[in-house]
Every structure is written in C-alpha cells, then in structure tokens.
Amino acid sequence: MSEVMVQATEVHKSYGSHEVLKGITLEVKRGEVLCLVGPSGSGKSTFLRCINHLERINSGRLMVDGSLIGYREHNGKLYELKPSEASAQRVGIGMVFQKFNLFPHLNALDNVISGLVRVKKIDKATAEKEGKELLERVGLADKFQHFPAHLSGGQQQRVAIARSLAMKPKLMLFDEPTSALDPELVGEVLDVMKNLAASGMTMIVVTHEMGFAREVADSLVFMDGGVVVESGDPKHVLANPQQERTKSFLSKVI
C-alpha cells in the first residue's frame, strides 16, 4: 500500500493554444487533506478534474494510490485507457462539484444508492441500508424521502457527499463545494467535511474558505496562472506568505 495517495508530476493541460496547467508537481499522502486556493482561472478546478481523468492531460503523470490515472504505460509510452477502464478507475475517486448534480426525479435515498445499484450491482435492500446510514452520517436522517427540489442547497450538497461516499472511495475531491450556497448554509457542509477529514479520508479541496483550510488542511497550495506559486503548512502560508502574489491574493480574501 502506497504512502502517497496522489502524485502529480509536471502535469500540463491546454485547451488549444491556451495553457491552463503549466507543470503542476505535488503529492498528497494517504489520510491527508490538501486545500487548493487561488484566484478564478488559476487552474485549480481543471487540475482536480484531471485527477479522475474527466480532463485529459497533455503531458506529465498523475498517479492515484500507485496507479497511473487515465493511461497505461507500454515500452515507455503512455496510451489512454478505454472509457470503460477510465470509469472503473473513477469509482475509487469520489468527486463533489459546485453544483450538486443530483437526479431531480429521485429522492435523497435513491440519489445516494444509484451508484451502488447501477455500478456495483448491490441489491436494493442492502443498498438502502447503506444509503440510510450515510444520510444519517451527514445529518439527514429525516430527509430520506425528500426530493432535491424540497431540500436546501446545503442539504443537497450533503446528499451529494453521501452519494460519493457510498462508492467507498479512497480519495475525495471537492470542487468549491460551498460556493453555490447561501452563507448561512456553508457551515453545515464544512462540518460534514471536517468529520470526513477526521475519519482519515484523503481529500483534495478547492476552496475559498480560508478558515476551513487553516483548521482542517495538512497542506495548502496557492495556484495562479497554472503554476504552484507557494505551498506549505496552511497556518504558516496564511499567516506569513513568502511570495508577493500570495500576499496580494490573501490580503483580499482574509
């Protein structure tokens, strides 16, 4: 079992002539929480989507739990996996988006167990038992039968987290999970994420919530213009940034 859960080496990503990621190198150890911060357009969300091969990288390598993501290597060359093979890798990587992406025609419980039934082929009774336990875990024990339209944004995001956890991922990716929420609902989602971190889940979180980063993250990476500008212990980086660009950004958000 690898001590390093995520290893990115010189990851580049372009859209046509626009280079979004310009050689990202970082690693996240098993059980750690990494927060990615930076201005809009800095490449944070793109990098996150590359980790589970929702976006193809142009060069470099991304490894999760010791396995190359999205590609196989043969005689020193990389060959992209078939869509079905990439999807199989993705099962072990949970992702929670800004928008909740729940199925509007399914209630909370059915949203949570959809992957268990369709992908893992678990019988519905067993899946429902697991789904109810997960909804209880995220504080929604009384919302099993509620449809997304009848849930607040914070409740919908907690259903989305429970749905990702149902697949028993080894890594959780969060792409600004509170940015679409009313301010008073942010705390309930962050509390779930704090509990998840305390349980030992490896997490990479793109966020503007500096208090969460300071309290929960093991490491913080500040990105701008597709590169890592500064990284380190969140308390140190946030209190005493070394780079002028980091200082400028943090002065506007803290």
Side-chain angles (χ1 to χ4, degrees), residues 3-15 18-51 55 57 59-64 95-98 157 171-181 183 185-187 189-198 200-254:
E3 181 188 355
V4 177
M5 179 61 78
V6 180
Q7 187 161 39
T9 307
E10 285 296 316
V11 173
H12 289 256
K13 171 65 183 177
S14 298
Y15 297 101
H18 178 49
E19 191 174 21
V20 180
L21 301 177
K22 303 174 183 177
I24 301 295
T25 295
L26 58 81
E27 69 176 36
V28 184
K29 293 181 179 177
R30 187 178 302 277
E32 283 190 344
V33 177
L34 168 71
C35 279
L36 290 173
V37 304
S40 297
S42 59
K44 308 181 302 294
S45 293
T46 298
F47 177 65
L48 210 64
R49 292 170 65 84
C50 289
I51 293 173
E55 298 283 356
I57 63 175
S59 63
R61 288 168 177 264
L62 272 167
M63 310 276 287
V64 172
M95 187 158 185
V96 177
F97 300 87
Q98 294 179 39
Q157 192 63 293
L171 169 68
M172 284 285 287
L173 309 175
F174 292 87
D175 188 7
E176 297 190 29
T178 61
S179 64
L181 301 179
L185 301 178
V186 168
V189 174
L190 293 181
D191 284 345
V192 170
M193 293 170 63
K194 289 174 186 176
N195 290 335
L196 196 55
M201 175 64 73
T202 310
M203 299 161 57
I204 301 179
V205 184
V206 173
T207 186
H208 294 294
E209 301 291 341
M210 298 302 161
F212 174 85
R214 184 185 293 106
E215 180 183 350
V216 179
D218 297 288
S219 57
L220 181 141
V221 168
F222 172 67
M223 287 179 61
D224 188 33
V227 301
V228 173
V229 176
E230 189 164 350
S231 63
D233 182 295
K235 295 179 179 64
H236 296 161
V237 174
L238 294 174
N240 188 28
Q242 300 301 301
Q243 303 298 320
E244 289 303 320
R245 182 65 188 96
T246 317
K247 292 177 184 177
S248 173
F249 173 77
L250 292 177
S251 71
K252 297 177 176 68
V253 299
I254 294 181

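Computed from a predicted structure; not experimentally measured.
- Within the model, atoms CD of Gln157 and CG of Leu181 stand 6.0 Å from one another, a figure rounded to the nearest 0.5 Å.
- For residues 245-254, the set of pairs meeting the salt bridge (Lys or Arg N to Asp or Glu O under 4.0 Å) definition, not counting sequence neighbours, comprises Asp224-Arg245, Glu244-Lys247.
- Closest of all the heavy-atom pairs between Thr46 and Lys13 is CG2-CG, 3.8 Å.
- Each ring pair (Phe, Tyr, Trp, His ring centres under 6.0 Å) pair with one or both residues in residues 201-235, not counting sequence neighbours, appears once here: Phe222-Phe249.
- In this structure, the side chain of Gln242 engages the main chain of Asn240 through a donor-acceptor pair within 3.5 Å.
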Legend entry - Ile51 and Ile204: CA distance, side-chain angles, deciding distance, side-chain contact (heavy atoms from CB on, under 4.5 Å) verdict: CA-CA 10 Å; Ile51 293 173; Ile204 301 179; 3.6 Å; yes
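- Looking at heavy atoms from C-beta onward, Glu209 lies in side-chain contact with Thr178 at the 4.5 angstrom threshold.
- With sequence neighbours excluded, no residue satisfies salt bridge (Lys or Arg N to Asp or Glu O under 4.0 Å) with Glu32.
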Inset, instruction - List the steps and the verdict of side-chain contact (heavy atoms from CB on, under 4.5 Å) for Val216 and Met193. - result: CA-CA 9 Å; Val216 179; Met193 293 170 63; over 6 Å; no
Atom pairs and distances, side-chain donor-acceptor, residues 19-27, under 3.5 Å, sequence neighbours left out:
unit_1, atom_1, unit_2, atom_2, d
Glu19, OE2, His12, ND1, 2.8
Lys22, NZ, Gly225, O, 3.3
Thr25, OG1, Glu10, N, 2.9

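- Nearest approach of Val96 to Pro177, heavy atoms of both residues: CG1-CB, 4.3 Å.
- Listed by chain and residue number, nothing satisfies the side chain to side chain donor-acceptor pair (under 3.5 Å) test with Thr202 (two or more places apart in sequence, or in another chain).
- Put simply, CD1 on Ile254 and CZ on Arg214 are 5.5 Å apart, with the number rounded to the nearest 0.5 Å.
- Here CG of Leu220 is found 10.0 Å from OG1 of Thr207. Values are rounded to the nearest 0.5 Å.
- Taking the charged nitrogens against the carboxylate oxygens, Arg30 and Glu3 have no contact shorter than 4.0 Å, which rules out a salt bridge.
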Inset, instruction - Please report the C-alpha distance between Val221 and Val37 in whole Å, then the side-chain angles of each, then the deciding distance to 0.1 Å, and finally whether the side-chain contact (heavy atoms from CB on, under 4.5 Å) criterion is met. - result: CA-CA 6 Å; Val221 168; Val37 304; over 6 Å; no
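- Pairs engaging residues 34-45 under the side-chain hydrogen bond (donor to acceptor under 3.5 Å, both in side chains) rule: Ser42-Lys44, Ser45-Asp175 [sequence neighbours left out].
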Legend entry - Val6/Met63 under side-chain contact (heavy atoms from CB on, under 4.5 Å): CA gap, chis, key distance, verdict: CA-CA 6 Å; Val6 180; Met63 310 276 287; over 6 Å; no
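- Scanning for salt bridge (Lys or Arg N to Asp or Glu O under 4.0 Å) contacts around Arg61 gives Glu73, with sequence neighbours left out.
- Glu215 is linked by a salt bridge (Lys or Arg N to Asp or Glu O under 4.0 Å) to Lys194, counting only residues two or more places apart in sequence or in another chain.
- The line from CZ of Arg49 to CD of Glu55 is 5.0 Å long, rounded to the nearest 0.5 Å.
- Note: Phe174 CZ to Leu34 CG = 13.0 Å, rounded to the nearest 0.5 Å.
- With values rounded to the nearest 0.5 angstrom, Leu62 atom CG is found 10.0 Å from Gln7 atom CD.
- Under the side chain to side chain donor-acceptor pair (under 3.5 Å) criterion, Thr9 pairs with no residue, sequence neighbours left out.
- Within the structure, side-chain hydrogen bond (donor to acceptor under 3.5 Å, both in side chains) pairs that include any residue of residues 225-238 comprise Glu230-Thr246 (at least two apart or interchain).
- For Ala213 against Pro234, the heavy-atom pair with the smallest separation is O-CB, 3.4 Å.
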